[in-house]
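The structure under discussion appears below in the form of structure tokens.
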Amino acid sequence: MDPDSGKSHLTRFIRERARRLGFNHVGIAQASRLSPEGNRLQEWLERDFHATMVWMNGRAEERRDLNRYFPEARSIVSLTLNYFHGHSHGELRISNYAWGDDYHQVMKTRISDLLTEIQRIRPEVRGVVCVDTSPVMEKAWARRAGIGWIGKHTNLITRDYGSWLFLGELILDCDLDYDSMFDDDLCGTCTACIEACPTGAIVEEYILDANRCISYLTIEHRDQLPDQMADQLDGWIYGCDVCQEVCPWNSRFAKTSSESSFAPREEITSRTAKEWREMTAEDFRRSFENSAVKRAKFDGLKRNIKANLK
């Protein structure tokens, strides 16, 4: 068989199976070193914009060079799932992405299923499934795979779903047909996200300072909140959606997700401020079983609630 013919057949098979598994986008890029993106990452780290997320610095070279993470990498398949289920309301709010089941598990299972399908017809193919916690620059690869562009708020934006998307990757040790990079920047002169950020965390266009970001403060930051930020959570107790909610692309193109796994849990969307304040460790365990909110831990969530209800 002509090698190129086999490559194209496998590429078509991957695209078809990915769509059948429910992914909203599937884009494919050739594995290579991310030079411009890697340089920007290094500058960001040198400005200490990663705050206490020391793992960002510890595995920075793997993020810049995919082959440091998976030496046999030849192709990277970028995949998305739409999670949008509306905007957060109420005195205390949790980010839209955490209303349902933990996306790490949903995405990882789905991508693993795709790898299984590939190996069913090509047993010799090896691959690595990546979702969020892997040292992979997901947004940069999604752009290289033609899915969308990175907006001024630093999230990936697409023409058809806005930015309400989970990202995941399947790195493979075989060649495929590759998509063209998404070269356009469709943010134009819009600065809505920068102007709306409650804490001024978007310090420059396309640059986010995690030290000031409500999502970072309510999820990743441990111990007490910095004094200068403790009264600036703006009602958010886990994550923050402000920069996405004001984005014109989201206002125009957001679509309610068909994924039942991401549907909002009543325990999350209907709690009153009083119920949040009185939440016990057992309430937390029961309400957030198989939920991304567990990342903040009970003490972290109670800290965030208390900071908002002074």
Side-chain angles (χ1 to χ4, degrees), residues 40 44 47-51 53 80 82-99 103 138-139 142-143 148-167 182 184-221 225-257 262 264 268-269 273 276 292-293 296 301 304-305 307-310:
R40 287 193 291 271
W44 184 78
R47 296 174 75 175
D48 291 326
F49 285 163
H50 59 305
M53 296 181 289
T80 75
N82 171 32
Y83 65 82
F84 182 73
H85 275 281
H87 291 180
S88 297
H89 299 287
E91 188 175 355
L92 299 179
R93 291 167 286 169
I94 284 180
S95 181
N96 187 316
Y97 86 85
W99 290 358
Y103 70 95
E138 297 186 304
K139 293 174 285 189
R143 176 175 171 265
W149 74 101
I150 300 173
K152 293 177 183 178
H153 48 29
T154 76
N155 296 301
L156 183 84
I157 308 176
T158 66
R159 283 190 173 104
D160 43 2
Y161 290 92
S163 62
W164 304 106
L165 295 163
F166 292 131
L167 306 180
F182 197 106
D184 294 333
D185 180 348
L186 302 182
C187 287
T189 59
C190 177
T191 56
C193 58
I194 299 173
E195 295 161 9
C197 179
T199 58
I202 308 172
V203 293
E204 302 171 28
E205 293 181 356
Y206 313 103
I207 298 178
L208 180 90
D209 180 0
N211 295 282
R212 303 190 61 81
C213 178
I214 292 173
S215 283
Y216 161 76
L217 291 166
T218 56
I219 300 172
E220 298 297 337
H221 184 80
L225 294 167
D227 291 341
Q228 69 273 25
M229 303 303 299
D231 61 350
Q232 296 191 49
L233 299 187
D234 201 38
W236 296 95
I237 59 173
Y238 186 91
C240 176
D241 288 336
V242 171
C243 63
Q244 296 195 87
E245 289 177 346
V246 301
C247 176
W249 284 93
N250 283 339
S251 301
R252 186 174 179 184
F253 294 107
K255 300 177 179 69
T256 300
S257 174
F262 303 144
I268 292 177
T269 56
W276 281 117
V293 178
L301 194 64
N304 301 338
I305 294 167
N308 276 290
L309 295 178
K310 288 180 179 178

Residues that E195 engages under side chain to side chain donor-acceptor pair (under 3.5 Å), provided they are two or more places apart: T191
When the side chains of residues 228-238 are checked against the rest of the protein, which donor-acceptor pairs come out under 3.5 Å, sequence neighbours left out?
from	atom 1	to	atom 2	distance (Å)
Q232	NE2	Q228	O	2.7
Y238	OH	Y97	OH	3.3
Y238	OH	A292	O	2.7

Looking at side-chain heavy atoms only, is the closest gap between N96 and Y83 below 4.5 Å? yes
Please tell me if the side chains of Y206 and R40 come closer than 4.5 Å, counting only heavy atoms from C-beta onward. no
Considering all heavy atoms of both residues, which atom of I202 and which atom of C193 are nearest to each other, and what is their separation? CD1-O, 3.6 Å
So, do L309 and L92 sit near enough that their side-chain heavy atoms are less than 4.5 Å apart? yes
Taken to the nearest 0.5 Å, the spacing of W44 CH2 from T154 OG1 works out to 8.5 Å
Between V293 and A98, which heavy-atom pair has the shortest distance, and what is it? CG2-CB, 3.8 Å
So do the side chains of R47 and I207 get within less than 4.5 Å of each other, counting heavy atoms only? yes
Between I94 and W276, is the side chain to side chain contact (heavy atoms under 4.5 Å, CB included) condition met? List the steps. CA-CA 11 Å; I94 284 180; W276 281 117; 3.7 Å; yes
Closest approach of R159 and L186, non-hydrogen atoms and distance? NE-CD1, 3.7 Å
Using every non-hydrogen atom in the two residues, find where S215 and C240 come nearest and quote the distance to one decimal. OG-N, 3.0 Å
Heavy-atom pair of closest approach, residues Q244 and N250: O-ND2, 2.9 Å
Is there a side-chain contact between C190 and P248, using heavy atoms and a 4.5 Å cut-off? yes
To the nearest 0.5 Å, what is the distance between CD1 (I214) and OG1 (T199)? 5.0 Å
Would you mind reporting whether Y216 and H221 have side-chain heavy atoms less than 4.5 Å apart? yes
Taking side chain as C-beta onward, heavy atoms only, is L217 less than 4.5 Å from P226? yes
Donor-acceptor pair, distance only, cut-off 3.5 Å: does the side chain of T158 make one with the backbone of G148? no
Look at the side chain of N211 and the backbone N and O of D48, then say whether any donor-acceptor pair between them is shorter than 3.5 Å. yes
Rounded distance (nearest 0.5 Å) linking atom CG of N155 with atom SG of C247: 8.5 Å
Audit row: D184, W149, side chain to side chain contact (heavy atoms under 4.5 Å, CB included) steps and yes/no: CA-CA 7 Å; D184 294 333; W149 74 101; over 6 Å; no
Which residues pass the salt bridge (Lys or Arg N to Asp or Glu O under 4.0 Å) test with E205, sequence neighbours left out? K152
Would you call the rings of W164 and H87 parallel, tilted or perpendicular, taking 30° and 60° as the class edges? tilted
What closest approach, in Å, do K139 and L167 show between heavy atoms, and which atom pair accounts for it? CG-CD1, 3.8 Å
Looking at CD1 of I268 and CZ of R93, how far apart are the two atoms once the value is rounded to the nearest 0.5 Å? 15.5 Å
Between H153 and C187, is any pair of side-chain heavy atoms under 4.5 Å apart? no
Would you find a donor on one side and an acceptor on the other, under 3.5 Å apart, between the side chain of S257 and the backbone of N82? yes
